[in-house]
*Asks:* 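Handing you a structure now.
Heavy-atom basis, side chains included; hydrogens, waters and symmetry copies ignored. Naming: A, B, ... by sequence-line order, numbering from 1 per chain.
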Amino acid sequence: MANLEAKVKMSPWQLGIVATSGLLTARLLPATSHFISYAEQFAWLSSTLAGLFFYLAAYLMIRLGEQFPNETIGEYIPRLLGNKAGAAVFLVFITVLLVNIINCAIAITTLSTIFLFDRTPQAVLIIVLLIAVVYCAMQEWGTILRVIQMLVLALPLLYIFYSLVWLNFEPLNLLPLWPDNFIGILQGIPYHTDYYAGYESLLVLLPLASRGKVSFARTVGWGFLVITAIYVVGAVVLVGSITAKTIANVPQAVIYGMKSIELPGTFIERLENYMIMFFMPVTYISMVLSYFAVAEGCRKYLKYNDHRTFIPVFLPLLFFVSSFMDTPYRREMFRDFSMFLALFFSFVIIPILLYLVGRKKGSNQQC
Amino acid sequence: MLSRMNKRNPAHIGWRISVAGIAIWACMLTTGCWDAKETQDRNFVLIAAIDDADIVKKSEDEKQIARTQTFVQKQGTKEYMLSLQILKLAKTESKGGGVQAEKTFVISDTGKPMFEMVRDMLGQSSKSLYFEHLTAIVISEAAVKKKGLRPILDFFRRDPEMRWRTKLFITPGEAKAIAQYNPPTGEPGGTYLNGLIRNHKKNIHVGGAKTDVGYITQAIDNGADYAIPRLDYIDNVPKLGGMALFKHDTLIGYADEYITRGFKFLYGTEKSAVIPIKCPEHPEQEIVYELFQHDTKLSPHIEGDTIYFTLDITMQGNIGEITCTVQHDMHDALFLHSVEQAVAQEVEQNVRDCWEFQQRLGVDIPNAKARVKGYHPFEWKKIKDRWEDIYPTIPLAISVNVNIRGRGEHD
């Protein structure tokens, strides 16, 4: 019998599934009211443009990774930028992923504290969640891959369940269809950072995928297309059901959308609690993936044999920062910080690195 | 052997003990056992009734009672009286002679923030008050006229324990009296009220669609006008009928059963309503049309400087009852067509009266504003500042198409 745990390579399609299955997390719940306050009923358009925007970032990362086959960012960055600048960029990369884990932990535990464990201290939920994430991230890649492939089944279930919101749909809430708020639509795009969480892990995952006939850009692109379609249809139904103004006034709009559903003739009530149940595995995927990418990146950067060495190192930091974000003000500050950091990394650092790679290759050819 | 000895060193043992300790501690705190509260340890609130606090000053007796239903507060005024109908979980004993024992009891408090009153009521309740099964919020006209609906509803919209589908009612009288009502069916009052409003699809005099906490919240968020079912309580009998009309957050007036019927024709929210008309051949007698399928389309139109709305109604139904003393030939297509025409005229007149009534009051219950804005966004920008002046002058062109599909079991 094949040892599945020892498997260290995945197919391009598996890469597409893994990299994009971590995008949809509970982070989108508080972010929804934020970006709809800008985009209003044109949220669907803002989400469509955001899908293209963030796929562009992922595409640039794939292009960068393809310049260094079988190497992670931690290996080629010192050669490209030198030791000091390379260390700084690597630190930003690690921080972006750690911030994703912290944001996921804050989002899902805040939700659980409000709706499920109203008297349990949030710090307790955070440590329990982090221990579960650590346990999975400590495994070999083959095991992690299979855990993700199993848990990703929660994503269609989540979406099917969410589709119940259509019961309250009213087309009038979406009108006018012709957008007159282009600035708001564009302002809403960067706030989708919470909708596309942790795709930066591609910079570590690319060497784990074997090159086949299908390009990574294509498989990851299909994943982004599916996720973006989910977001666009989700925005249409949510705005159509509870109106853009109400979404802007509630902190967890998707949950409140579920709260407004009344299933005729059934005894099932409080559907929002089931929704939270489905959000847990999909958020867990993103946290595990980001944590593994951090540890694997550090292993390659510091030339260690085992990624597990680095997993406990970040645990206290993750716990204390997540626990510290216990007020709405702090959470918003942290969310803004993480948005700017992620955008800076994706749209400033990565293009600069690609430019440097291009220039270096050009000069080598001349030589 | 060496590796086994290494694994038994004190640091390794300490690490294992720590991990086991964290695991046990985490399980204890997250399994929900430590803060679990059993059903019998909760007081289930079924109705929240809100009155003007001044009603407790009516008589000396009530003043005495009121002293236990309040608290000393350092700031603010006693604006409202909140009464909660609570389910008795203990087995109720019959009073004998077929009289049902009460399944609920009511506690009250006066103050301004609802949350503060709820917490002060724990001084009258041995168990925590649990709002997950709150089925109805009854607000008196006097209370809602004080500061509008928003401050009253805020607690019920903000607390995660509340539900969006909780029914809302406005009563011209005392809300507490409705909370104290003991239905003859033996069911708790909250369940009874919930059942009453659920019948709105068959009762054309009750406007029960989209009038719960969730939809009213949406209307408030969008600055839209809205209607809430009117609940009267006369001679110890609650009766639903008509609607209380709100402009933004202010109670403007009431729509009677006839106007409510017009609103329902506008919305198409009734599923099995009955429409009585004068018999075309015997005007002193009536024929009742039983509606079972209804489609409406309300559309705004702008032509130059003229704004008007069109309403297309299609109805399908049966002959439900004929009070004529003479038997009609139900195979006579001309007679059936004349009945269809008469129903169409009745519906058209009702809708027109309803449209003009709300224009006179200045309320926009069908959300004409959102329709103009949604279908004609560019023209809306030009007229939005003058909307309040334009709205009362907008005409409605009505087209009603009625079909008779059946004539009942027996002619």
*Asks:* Given B/Pro160, which of A/Ile255, A/Thr113, A/Ile114 fulfils the side-chain contact (heavy atoms from CB on, under 4.5 Å) condition?
*Replies:* A/Ile114
*Asks:* Can you measure from CZ (B/Arg163) to CD (A/Glu272) and round to the nearest 0.5 angstrom?
*Replies:* 8.0 Å
*Asks:* Taking atom NZ as the centre, does B/Lys201 end up with more than 12 heavy-atom neighbours from other residues, nucleotides or ligands that are less than 6.0 angstrom away?
*Replies:*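 Count not over threshold, so no.
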*Asks:* Verify the neighbour count for atom CZ of A/Phe182: are there more than 12 heavy atoms of other residues, nucleotides or ligands below 6.0 Å?
*Replies:* yes
*Asks:* Identify the heavy atoms of A/Thr243 and B/Gln218 that sit nearest to each other, and give their distance.
*Replies:* CG2-OE1, 3.8 Å
*Asks:* Name the member of A/Ile131, A/Leu125, A/Asn249 that forms the most heavy-atom pairs with chain B at distances under 4.5 Å.
*Replies:* A/Asn249
*Asks:* Flag yes if more than 12 heavy atoms outside B/Arg119 fall under 6.0 Å of its CZ atom; otherwise flag no.
*Replies:* no
*Asks:* Just jot down the side-chain hydrogen bond (donor to acceptor under 3.5 Å, both in side chains) partners of A/Lys245, sequence neighbours excluded, or say none.
*Replies:* none
*Asks:* Report, as yes or no, whether the 6.0 Å neighbourhood of atom NZ on B/Lys297 holds more than 12 heavy atoms from other residues, nucleotides or ligands.
*Replies:*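 Not buried by this count: 12 neighbours or fewer within 6.0 Å.
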*Asks:* Please report, to 0.1 Å, the donor-acceptor pairs under 3.5 Å made by any side chain of residues 166-174 of chain A, with sequence neighbours excluded.
*Replies:*
unit_1   : atom_1 : unit_2   : atom_2 : d
A/Asn168 : ND2    : A/Ser260 : O      : 2.9
A/Asn168 : ND2    : A/Ser260 : OG     : 3.2
A/Glu170 : OE2    : B/Lys210 : NZ     : 2.4
A/Asn173 : ND2    : A/Gly240 : O      : 2.8

*Asks:* Apply side-chain contact (heavy atoms from CB on, under 4.5 Å) to A/Ile261 and B/Trp164, showing your working.
*Replies:* CA-CA 8 Å; A/Ile261 296 166; B/Trp164 270 39; over 6 Å; no
*Asks:* Any salt bridge (charged side-chain N to carboxylate O under 4.0 Å, His left out) involving residues 147-161 of chain B? Give me the pairs, sequence neighbours left out, ordered by first then second residue.
*Replies:*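 Sorted result for residues 147-161 of chain B: B/Glu79-B/Lys147, B/Asp154-B/Arg158, B/Arg157-B/Asp221.
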*Asks:* I need the contact set between residues 378-387 of chain B and chain A: heavy-atom distance under 4.5 Å, sorted by residue number.
*Replies:*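 Counting heavy atoms that sit under 4.5 Å from chain A, the residues of residues 378-387 of chain B involved are B/Phe378, B/Lys381.
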*Asks:* Quick check: does any side chain N or O of A/Lys259 sit under 3.5 Å from a backbone N or O of B/Met162, one acting as donor and the other as acceptor?
*Replies:* yes
